[in-house]
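Data block below; observations after.
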Amino acid sequence: MQSPRAQLAPQMEHYTFVLEDQPYLGFFQYGNEHTPVYSTDEHGFRVTRGPGDATATVSGERPPGPVRLLAGSSATFGVGATGDAATVPSRLWTRHAPRLPWLNFSGQSHNSAQELMLLTLFQHHLPEVADIVLLSGVNNLVLSRLPAERQGRHGAFFECGAAPDTVPTPEERIDRAAGLTVRHLSTWKLLATAMGARLTFVLQPLAPWVREEPTPEEKLLFDELDDVSNFRRLHNDISTMEVGRTYAEVIGAGCAGLDVPFLDMNAALAEATTPDEWLFIDRVHCTDLGYDTVARLLAGHLDLT
């Protein structure tokens with residue numbers, strides 16, 4: 001008998017999370033990968049699919065003229081999508097905000113420092129950029145569980161050591177994660193201004209921050225993952241609606257201080273969807289419907305059309 005994951009989300013077998021060691025970035029997607037569900041360009045950036053047969057990547061072919069960037073980590077990459085055409089950048093370009101091509105500018109399992117480093121290392125590949133939407137925030141909070149000696153000066157990163165038995169309080173985790181997020185965002189703002197691009201920060205969705213009760217499909221998938229992973233044990237303290245809203249308030253205040261527009265996608269999804277809509281493959285990544293809904297809300301809330 002097939003497991004719920006194999007039955008409900010067979011595409012997940014192709015998202016192996018095997019990444020290439022990269023100087024400065026730590027790790028990144030392999031270049032020129034072509035699986036049944038995703039493709040990358042020569043540097044490892046995922047292909048965005050647009051109207052008709054149009055495609056666009058950071059270092060590959062794309063239409064001439066300005067572009068828009070959707071930056072972030074694995075949710076921006078589109079883990080869980082059934083194909084390149086179902087990611088948020090592709091849905092923006094194809095349907096919800098098609099005026100300019102969108103580039104998928106993301107690295108899986110990246111924290112905010114690595115996301116910023118990605119821009120500094122690959123900016124020379126970019127044409128004129130009209131908009132940068134940074135869809136991020138969850139990984140910093142997940143990594144805030146690690147002790148101070150693992151945090152260093154710029155925040156902990158994945159695979160830097162085992163999780164400790166004792167952890168900071170949720171309030172301490174929020175302060176640490178939000179502080180790093182806003183600090184790195186201030187440099188994004190400087191770079192975006194120099195590039196002539198409009199910058200927006202969007203707090204990416206986490207399933208328990210959107211609604212307290214998962215759909216039947218989500219519950220089956222979450223329960224199966226909890227049997228083989230430690231997300232619930234390690235992060236139960238931050239997986240509440242209260243923590244999600246508080247975290248959004250703190251980051252939103254930091255964005256206001258930088259004059260960077262802010263959107264809490266968790267609140268936006270909660271308001272725009274019904275309890276029976278299957279949005280999440282796991283607590284961090286979405287279904288095709290979830291990613292399409294995120295794209296629609298980005299276009300509407302951020303006036304991207």
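Quick caveat: nothing in here was measured; it's all calculated off a predicted structure.
More than 12 heavy atoms of other residues, nucleotides or ligands lie within 6.0 Å of CD in E20, so this atom counts as buried by the packing criterion. Residue R245 places its CZ atom among more than 12 non-hydrogen atoms of other residues, nucleotides or ligands, all under 6.0 Å distant. Atom CG of D259 has 12 or fewer heavy atoms from other residues, nucleotides or ligands within 6.0 Å.
Of the inter-residue distances, the one linking Q22 atom CD with Q114 atom CD reads 11.5 Å to the nearest 0.5 angstrom. In this structure, OG on S59 lies 11.0 Å from CD on E61, to the nearest 0.5 angstrom. Rounding to the nearest 0.5 angstrom, the gap separating the OG1 atom in T305 from the CG atom in L92 is 11.0 Å. The distance from atom CZ of R49 to atom OG of S39, rounded to the nearest 0.5 Å, is 5.5 Å. Rounding to the nearest 0.5 angstrom, the gap separating the OH atom in Y15 from the CZ atom in F77 is 7.0 Å. Here the CD1 atom belonging to I251 is positioned 9.0 Å from the CG atom belonging to L185, to the nearest 0.5 angstrom.
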> Can E277 and R211 be said to form a salt bridge (charged side-chain N to carboxylate O under 4.0 Å, His left out), step by step?
Replying inline: CA-CA 11 Å; E277 291 183 88; R211 55 194 176 199; over 6 Å; no
>> I'd like to know whether E13 forms a side chain to side chain donor-acceptor pair (under 3.5 Å) with Q11, so could you lay out the CA-CA distance, the side-chain angles of the two residues, the decisive distance to 0.1 Å, and finally the verdict.
In response: CA-CA 5 Å; E13 71 172 295; Q11 72 272 20; over 6 Å; no
>> Quick one, T240 with E242, criterion side chain to side chain donor-acceptor pair (under 3.5 Å). Give me CA distance, side-chain angles, the key distance, then yes/no.
In response: CA-CA 5 Å; T240 67; E242 180 182 2; 5.3 Å; no
> Between L134 and T200, is a side chain to side chain contact (heavy atoms under 4.5 Å, CB included) present by the stated rule, with each step listed?
Replying inline: CA-CA 6 Å; L134 180 55; T200 305; over 6 Å; no
>> Set out, in order, the CA-CA distance, both residues' side-chain angles and the distance that settles side chain to side chain contact (heavy atoms under 4.5 Å, CB included) for F201 and S136, then state yes or no.
In response: CA-CA 8 Å; F201 185 88; S136 185; 4.0 Å; yes
> Does the pair Q123 and M195 meet the rule for a side chain to side chain contact (heavy atoms under 4.5 Å, CB included), with working shown?
Replying inline: CA-CA 9 Å; Q123 185 275 331; M195 295 165 65; 4.2 Å; yes
> Are N104 and T48 close enough, and set up right, to give a side chain to side chain donor-acceptor pair (under 3.5 Å), and what steps lead you there?
Replying inline: CA-CA 6 Å; N104 193 322; T48 305; 5.1 Å; no
> Given the rule in the side chain to side chain contact (heavy atoms under 4.5 Å, CB included) test, do I281 and C286 qualify, once you have shown the distances and angles that lead to the verdict?
Replying inline: CA-CA 5 Å; I281 288 285; C286 291; over 6 Å; no
> Stepwise, does the side chain to side chain donor-acceptor pair (under 3.5 Å) test hold for E224 with S3?
Replying inline: CA-CA 8 Å; E224 180 180 346; S3 70; 3.1 Å; yes
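Contact detail for P170 and V243: the closest heavy-atom pair is CB-CG2, 4.3 Å. Residue D288 comes nearest to A86 through the heavy atom pair OD1-CB, 3.4 Å, listed as atom of the first residue, atom of the second, then distance. The two residues P127 and R62 come nearest to each other via the heavy atoms CD-NH2, 3.2 Å. Closest approach of L118 and G107 over heavy atoms only: CD2-N, 4.2 Å. The two residues I132 and A192 have their closest heavy-atom pair at CD1-CB, 4.1 Å. Pairing each heavy atom of V79 with each of M12, the nearest pair is CG1-CE, 3.9 Å.
Residues L191 and L116 form a side-chain contact, since some pair of their non-hydrogen atoms from C-beta on lies under 4.5 Å apart. The shortest distance between side-chain heavy atoms of P168 and R176 falls below 4.5 Å. Put simply, the side chain of P89 does not reach to within 4.5 Å of the side chain of F105, judged on heavy atoms. Between L126 and L69, some side-chain heavy-atom pair lies under the 4.5 Å cut-off. When side chains are defined from C-beta on, Y247 counts as touching L141, because their heavy atoms get closer than 4.5 Å. Taking 4.5 Å as the limit, some side-chain heavy atom of L119 sits within range of a side-chain heavy atom of W188. Taking the side chain as every heavy atom from C-beta outward, P63 and P101 approach each other to under 4.5 Å. Using a 4.5 Å heavy-atom threshold, the side chains of E217 and L220 count as separate.
Between D237 and R173 there is a salt bridge, since a side-chain N of the basic residue sits under 4.0 Å from a carboxylate O of the acidic one.
Under the 3.5 Å distance criterion, with hydrogens and angles disregarded, a donor-acceptor pair is assigned to the side chains of D292 and H96.
Under the side chain to side chain donor-acceptor pair (under 3.5 Å) rule, S112 has a single partner from T187, N140, T181, which is N140. If you run side chain to side chain donor-acceptor pair (under 3.5 Å) between S74 and each of H110, H285, Q29, Q108, only H285 comes through.
In this structure, R283 satisfies the cation-pi test against F222, with its NZ or CZ atom closer than 6.0 Å to the six-membered ring centre and inside 45 degrees of the ring normal. Both the sub-6.0 Å distance and the 45° axial angle are not jointly satisfied by R46 relative to the ring of Y38.
No side-chain donor-acceptor contact under 3.5 Å links Y291 to the backbone of G80. Side-chain atoms of T120 come within 3.5 Å of backbone N or O of M117 as a donor-acceptor pair. In this structure, the side chain of T40 engages the main chain of E33 through a donor-acceptor pair within 3.5 Å. Checked by atom type and distance alone, the side chain of W102 never pairs as donor or acceptor with a backbone atom of A56 at under 3.5 Å. A donor-acceptor contact shorter than 3.5 Å links the side chain of S90 to the backbone of D84. Here the side chain of W278 pairs a donor or acceptor atom with the backbone of F280 at under 3.5 angstrom. K189 places no side-chain N or O within donor-acceptor distance of the main-chain N or O of V260, the cut-off being under 3.5 Å. In this structure, the side chain of S186 engages the main chain of R183 through a donor-acceptor pair within 3.5 Å.
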What pairs of donor and acceptor atoms, side-chain ones from residues 261-269 against any protein atom, are under 3.5 angstrom apart with sequence neighbours left out?
from : atom 1 : to   : atom 2 : distance (Å)
D264 : OD1    : N266 : N      : 3.0
D264 : OD1    : N266 : ND2    : 3.0
N266 : OD1    : L206 : N      : 2.8
N266 : ND2    : Q204 : O      : 3.2

Atom pairs and distances, donor-acceptor, side-chain atoms in residues 293-304, under 3.5 Å, two or more places apart:
from : atom 1 : to   : atom 2 : distance (Å)
T293 : OG1    : L289 : O      : 2.8

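Note: the hydrophobic cluster containing L143 also contains V182 (ILVMFWY, side chain heavy atoms under 4.5 Å, direct or indirect links).
Aromatic rings of F158 and F27 (six-membered ring for Trp) have centroids beyond the 6.0 Å cut-off, not under it. A centroid separation of less than 6.0 Å is found between the aromatic rings of F122 and F45.
Sorted by first then second residue, the salt bridge (charged side-chain N to carboxylate O under 4.0 Å, His left out) pairs that include residues 111-135, not counting sequence neighbours, are R68-D131, D131-R198.
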